[in-house]
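What you see is a predicted model; the values in this text were computed from it and never measured.
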Amino acid sequence: MLVYRIYYFEEEEKIRFIGFLPERRKNPERITQESIFNYVRTILGHEANEDKIYYFQVTLDERIGEILWPRLSIGTQGTV
């Protein structure tokens, strides 16, 4: 299941984890940044600053209840 992990940067050194928002829409054209911001506003109120809202997509494995993080490769490819 595709979910959004959402954060709000309150101050320079203070980051608040807002939560997970599961993506339920089948039509990708309906998935917008504004819909994610609207979700955050329902939690924080309308005074929430859009410039301080950050999110990224992750996959949630519903069978085991864990997030499947993308694999990151560090270094150069093709070298032995």
Hey, does the side chain of Glu23 reach the backbone of Arg25 with a donor-acceptor pair shorter than 3.5 angstrom? yes
Are any non-hydrogen side-chain atoms of Ile18 and Ile53 less than 4.5 angstrom apart? no
For Tyr8, the side-chain hydrogen bond (donor to acceptor under 3.5 Å, both in side chains) test, sequence neighbours excluded, returns none
Could you pull out all donor-acceptor pairs under 3.5 Å where a side-chain atom in residues 36-43 meets a protein atom, sequence neighbours excluded?
residue : atom : partner : partner atom : Å
Asn38   : OD1  : Arg41   : NH1          : 2.6
Asn38   : ND2  : Glu34   : O            : 3.3
Arg41   : NH1  : Glu34   : OE2          : 3.1
Arg41   : NH2  : Glu50   : OE2          : 2.1
Thr42   : OG1  : Tyr39   : O            : 2.5

Partner set under side chain to side chain contact (heavy atoms under 4.5 Å, CB included) for Tyr54, not counting sequence neighbours: Phe9
Spatial distance of atom CD1 (Ile15) from atom NZ (Lys52) [nearest 0.5 Å]: 11.5 Å
Is it the case that the ring center of Tyr7 lies less than 6.0 angstrom away from the ring center of Tyr4? no
Phe17, Phe56, Tyr55 screened by side-chain contact (heavy atoms from CB on, under 4.5 Å) with Ile6, the one that passes: Tyr55
